[in-house]
Amino acid sequence: MPDWLTDLPLVDHHCHGVNGTTVDRATFEDLITESDRAAPPGTTFFDTQLGFAIRRHCAPILDLPVFADPDDYLARRAELGPAEVNARLLRASGISDYLVETGHKSDEILTPQQMGDTAAAGYGEVVRLERIAEQVAGEGDPADFVVAFADRLDSHLSAAAGVKSIAAYRCGFDIDPSRPSPDEVADAVQQWRRSTPNGTPLRLSDPVLVRHGWWAAIERAVPIQLHVGYGDPDVDLHRCNPLLLTDLLRLARGSGASFMLLHCYPFHREAGYLAHVFEHVYCDVGLAVTYTGAQSAQVIAESLELTPFGKALFSSDAFGAAELFHLGALLFRRGLARALDTWAGADWPPHEQQRIATMIATGNARRVYRLDQMATTTFGTGP
Amino acid sequence: MPDWLTDLPLVDHHCHGVNGTTVDRATFEDLITESDRAAPPGTTFFDTQLGFAIRRHCAPILDLPVFADPDDYLARRAELGPAEVNARLLRASGISDYLVETGHKSDEILTPQQMGDTAAAGYGEVVRLERIAEQVAGEGDPADFVVAFADRLDSHLSAAAGVKSIAAYRCGFDIDPSRPSPDEVADAVQQWRRSTPNGTPLRLSDPVLVRHGWWAAIERAVPIQLHVGYGDPDVDLHRCNPLLLTDLLRLARGSGASFMLLHCYPFHREAGYLAHVFEHVYCDVGLAVTYTGAQSAQVIAESLELTPFGKALFSSDAFGAAELFHLGALLFRRGLARALDTWAGADWPPHEQQRIATMIATGNARRVYRLDQMATTTFGTGP
Amino acid sequence: MPDWLTDLPLVDHHCHGVNGTTVDRATFEDLITESDRAAPPGTTFFDTQLGFAIRRHCAPILDLPVFADPDDYLARRAELGPAEVNARLLRASGISDYLVETGHKSDEILTPQQMGDTAAAGYGEVVRLERIAEQVAGEGDPADFVVAFADRLDSHLSAAAGVKSIAAYRCGFDIDPSRPSPDEVADAVQQWRRSTPNGTPLRLSDPVLVRHGWWAAIERAVPIQLHVGYGDPDVDLHRCNPLLLTDLLRLARGSGASFMLLHCYPFHREAGYLAHVFEHVYCDVGLAVTYTGAQSAQVIAESLELTPFGKALFSSDAFGAAELFHLGALLFRRGLARALDTWAGADWPPHEQQRIATMIATGNARRVYRLDQMATTTFGTGP
């Protein structure tokens with residue numbers, strides 16, 4: 001890998017916070033899988049591409065030999081303590097800026113500002129549309145929901161860089177994508193509240209309200225992150241093929257909003273097609289890079305078949321374990337190095353390789369999220 | 001790359017004509033993307049696999065240094081003039097014969113004969129079923145459509161090598177594939193004409209009439225090209241997975257017609273499966289090779305996993321820019337060389353490699369399209 | 001390839017028997033394709049990845065030069081005789097144990113015991129759910145079907161290692177996966193018998209009875225093999241994407257049953273996702289490895305992106321021709337060697353590579369099928 005790629009700053013345009021406590025082996029294994037159950041007897045999530053990548057690449061950051069035993073790794077992790085582990089792994093990642101999505105278990109992880117402090121990096125926030133709806137829907141009259149949602153969203157967007165939708169987890173993409181009327185929205189909120197038992201938190205799954213969130217964001221012409229593809233077993237994976245978004249993307253042309261397709265595996269070629277033909281679509285293979293480990297170079301190369309170099313981004317989609325940030329960045333660099341080496345032969349001039357790598361690593365995110373205009377972050381001050 | 005592969009003649013079994021005029025940068029960028037909009041601010045379609053391939057491989061053909069700047073490239077292109085640019089790029093491609101599909105914007109591009117003259121190569125024509133229907137439907141009584149369509153098709157087929165259907169763009173493949181009755185066809189034509197405002201050109205999208213075209217071709221036992229997969233944003237890509245053609249392929253067994261699945265990306269493995277199990281199915285990865293540029297070697301290798309070597313073909317699907325022909329051929333050679341190198345190790349005898357490469361490059365097309373029996377072309381006289 | 005990988009024993013957890021007779025070229029070509037028709041004029045199934053692999057790797061086992069001509073190969077095959085050919089190819093495969101599925105044309109092939117004898121290897125049986133239903137349904141009163149099916153299944157399972165379902169071939173996976181009631185089952189059997197003409201063998205395709213078989217197996221907490229993806233043209237391939245099994249997998253959590261997804265191509269990444277997030281899901285790329293030949297290394301690498309190393313298995317899915325067993329094993333070793341070489345660089349310790357390869361080759365199958373507890377086989381006595 002050339003030095004310039006080792007040292008290239010990265011904007012992680014979609015991630016969550018790290019956990020600030022010491023975790024036992026069971027909890028750590030849960031952080032390194034998308035499964036919601038323990039590995040079956042006789043197996044461990046350390047025996048995966050991700051587990052091998054942790055032992056290979058993270059162990060030395062904690063002063064352990066390469067391929068340290070999992071129990072030794074966790075013992076050393078506990079010995080150093082979470083603050084030291086997190087600081088070492090995050091700072092060594094070379095991620096210069098973190099856009100932290102705060103809608104998932106935010107009480108268990110560091111805030112965006114704490115992330116910036118721990119990593120000595122810039123930071124910003126991305127807000128989850130469905131979380132805002134769940135907060136607002138419980139507060140007032142259903143008839144006031146549209147206005148209250150708009151106010152809350154605008155309030156968040158005064159500081160946040162964009163929004164995120166987890167429609168993939170709640171209703172899938174094979175829905176009517178059109179904008180619902182205010183009456184439809186009010187009826188859906190009323191029905192939602194009625195059907196939720198007292199004391200149970202509101203959990204949004206009604207496509208009407210998912211679409212309402214989308215269109216509120218489209219109207220505001222902001223970057224809209226969409227979880228696409230691979231995730232935990234709550235997902236009906238065949239219902240979140242990004243091609244099912246085609247009609248939504250057509251409807252939103254000319255709005256000024258951008259659609260940021262996240263992860264996308266195993267539909268990353270389909271996502272690349274959308275990023276190629278629709279001027280307002282962008283994509284990454286975050287999460288998939290981390291989980292496919294040593295094999296991620298192929299996934300990265302495939303994601304750059306049709307995706308214009310000005311439309312591809314870097315993300316880790318890391319949550320909880322600092323290892324996921326570290327590996328997201330390291331494997332991205334290695335995969336991009338392998339791809340460039342394969343493609344370029346002796347033919348692509350180094351400065352052209354560096355130019356497109358920089359676009360993907362930082363430039364595209366800075367432009368689309370307008371990061372240089374953000375007042376509330378420290379973008380640009382990272383390593 | 002071995003010399004024999006560099007020099008291997010190619011039958012381009014599906015392409016369009018080149019543009020004969022000087023184009024400005026915006027027009028040229030439009031010719032090197034499947035998008036129907038300009039690249040968004042801050043980006044350019046030169047920053048894609050295809051754009052990089054043009055700067056790498058086509059610039060030297062125009063006497064420019066490798067990786068010439070896009071503006072320099074277009075200035076040199078204008079300086080040489082379209083006739084010289086087209087002749088240089090086409091003749092250097094090593095394509096010996098062009099099967100030109102004439103149903104798309106044929107007034108903007110060279111005719112098949114002009115293509116043959118410019119390229120100093122053989123040529124033939126493929127006619128578009130939907131275009132014939134659009135011409136015939138406006139001319140007489142709807143009740144006469146079936147006969148008029150048959151007459152027009154037969155007239156074309158007295159010279160043309162086969163037919164093409166763009167059902168993928170008009171209604172997708174998730175339709176009843178059976179042959180419609182003459183009454184259904186007549187009703188559909190009448191309804192179509194009634195619903196088209198006066199002065200508006202007829203545009204076929206009714207599945208009944210698409211199917212009618214398919215079955216007219218099946219009855220005539222000719223090669224039927226089908227656009228499959230990747231294309232412009234008019235396509236609902238998830239509705240043109242070739243597996244959705246399975247029932248049609250079953251119904252057409254024994255008819256003598258052959259189905260030529262074009263492009264197929266990202267469903268080229270699915271297409272390979274169909275070519276393997278159905279005796280009358282063939283496939284290529286044209287268009288995808290050109291657009292995936294330096295990464296196309298992987299796509300080509302994948303397309304040859306299940307596809308029998310006697311069922312795979314070469315095409316460029318180029319339209320407008322001569323660069324697309326040149327790169328379609330060059331990247332096909334390079335990708336096939338890489339695949340053979342990976343597969344063969346020291347194990348596959350050179351004459352066996354050459355034998356299957358020749359089948360894919362020319363032999364399969366010559367056999368299926370019966371090119372050696374065509375009276376109206378100059379097949380076999382190319383370089 | 002390292003010696004340890006060349007010598008690694010393999011449990012073939014899903015295969016059929018070999019043919020014990022001399023076959024002519026047409027019959028042999030039929031055994032080396034998933035098509036149900038002859039190759040079209042001008043082509044042969046020897047000109048495929050599989051055909052090339054046979055000529056490259058199997059010819060020397062029969063004392064022929066590498067890349068012997070197909071006719072010479074078949075002549076030598078006839079000269080040696082089926083017993084010698086089968087013994088040579090099977091014993092040279094290094095497969096130590098065969099789990100033979102007996103539900104497909106079992107009168108044309110060797111029994112599990114004959115397979116063990118011929119190969120000098122351990123063997124066991126896997127029974128086909130749909131075959132049991134077809135046998136039982138014809139025998140008594142439809143109202144007694146549920147009990148009779150249970151008795152027959154229990155009888156088989158006293159010796160068999162698990163069950164297999166070919167739902168993919170009969171109704172696809174896009175069906176309601178819930179357990180049918182006894183009344184629904186009895187009605188379905190009655191309807192099935194009524195609609196089958198006298199003298200015609202019963203052929204199960206009713207989803208109600210497919211689901212009944214699944215749930216009988218789930219209740220018994222046994223390994224359930226499911227044909228997924230690639231197969232012959234009877235399959236509607238788009239209806240056997242394993243993601244369509246998601247709801248079934250959710251319903252069967254905690255049952256103790258394991259789901260063994262077979263073949264999976266071209267949906268092997270989707271299968272890997274399911275094996276990652278569902279604790280009771282396992283997968284292989286058998287059949288696809290054999291048929292993609294020299295290109296199978298990529299398929300194997302892709303199948304190990306998300307699949308935990310403790311969830312991946314080896315199978316050949318071979319039927320009829322001993323070449324398919326031999327190549328299934330040989331190509332699996334070569335593909336795994338290539339993948340480990342790519343992933344490991346200088347980084348993965350040899351003992352860790354050997355540990356996970358052994359899990360995939362034998363350990364996972366031994367654990368999930370509880371092979372060491374089987375009384376009726378000779379597991380562990382193979383080479």
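Only a predicted model underlies this, so the values are computations on that prediction, with no experimental measurement involved. Letters go in sequence order (proteins before strands), and every chain restarts at 1.
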Interface moiety of [X] toward chain A, non-hydrogen atoms closer than 4.5 Å:
X: B/F67; result: side chain
X: B/T48; result: both
X: B/D232; result: backbone
X: B/Q298; result: side chain
X: B/R239; result: neither
X: B/A38; result: backbone
X: B/P233; result: both

**Report entry** Residue among A/S258, A/G272, A/A301 with most heavy-atom pairs under 4.5 Å to chain B
**Finding:**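 Greatest number of close heavy-atom pairs with chain B: A/A301.
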Report task. Count the heavy-atom pairs under 4.5 Å between each of A/E279, A/K311, A/H280, A/M359 and chain B, then report the option with the highest count. Result ->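 Counting heavy-atom pairs under 4.5 Å, the top option is A/E279.
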Chain B contact via [X] - which portion, at a heavy-atom distance below 4.5 Å:
X: A/T246; value: side chain
X: A/F267; value: neither
X: A/R269; value: both

Mind listing the closest non-hydrogen atom pair of [X] and [Y] along with its distance?
X: A/I356; Y: B/F52; value: CG2-CZ, 3.6 Å
X: B/D234; Y: A/R250; value: O-NH2, 3.4 Å
X: A/R253; Y: B/S35; value: NH2-OG, 4.4 Å

Report task. Could you check which of B/G229, B/G231, B/A297 has the highest count of heavy-atom pairs closer than 4.5 Å to chain A? Result ->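 Max contact count across the listed options: B/G231.
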Report task. Could you tell me whether A/D347 and B/R55 have a side-chain N and a carboxylate O separated by less than 4.0 Å? Result ->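 No salt bridge links A/D347 with B/R55.
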Query - Heavy-atom side-chain proximity of B/V235 to A/Y273 below 4.5 angstrom - result: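 A side-chain contact under 4.5 Å exists here.
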Query raised in the report: Can you find a heavy atom in the side chain of B/T292 that is under 4.5 Å from one in the side chain of A/E302?
Result: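 Contact flag for B/T292/A/E302 side chains = no.
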Query raised in the report: Going by atom types alone, do B/Y265 and A/E305 pair a side-chain donor with an acceptor below 3.5 Å?
Result: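 Yes, side-chain donor-acceptor contact under 3.5 Å.
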Query raised in the report: Are B/T33 and A/H276 close enough that a side-chain donor and a side-chain acceptor fall under 3.5 Å?
Result: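 Yes, a side-chain donor-acceptor pair sits under 3.5 Å.
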Requested in this report: Can you establish whether the number of heavy atoms outside B/R37 located under 6.0 Å from its atom CZ is more than 12?
Outcome: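 Yes, enclosed.
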Just verifying a value: how many Å separate [X] [atom1] and [Y] [atom2], rounded to the nearest 0.5 Å?
X: A/L306; Y: B/Y291; atom1: CG; atom2: OH; value: 9.5 Å
X: A/W343; Y: B/Q295; atom1: CH2; atom2: CD; value: 5.5 Å
X: A/N364; Y: B/T43; atom1: CG; atom2: OG1; value: 8.5 Å

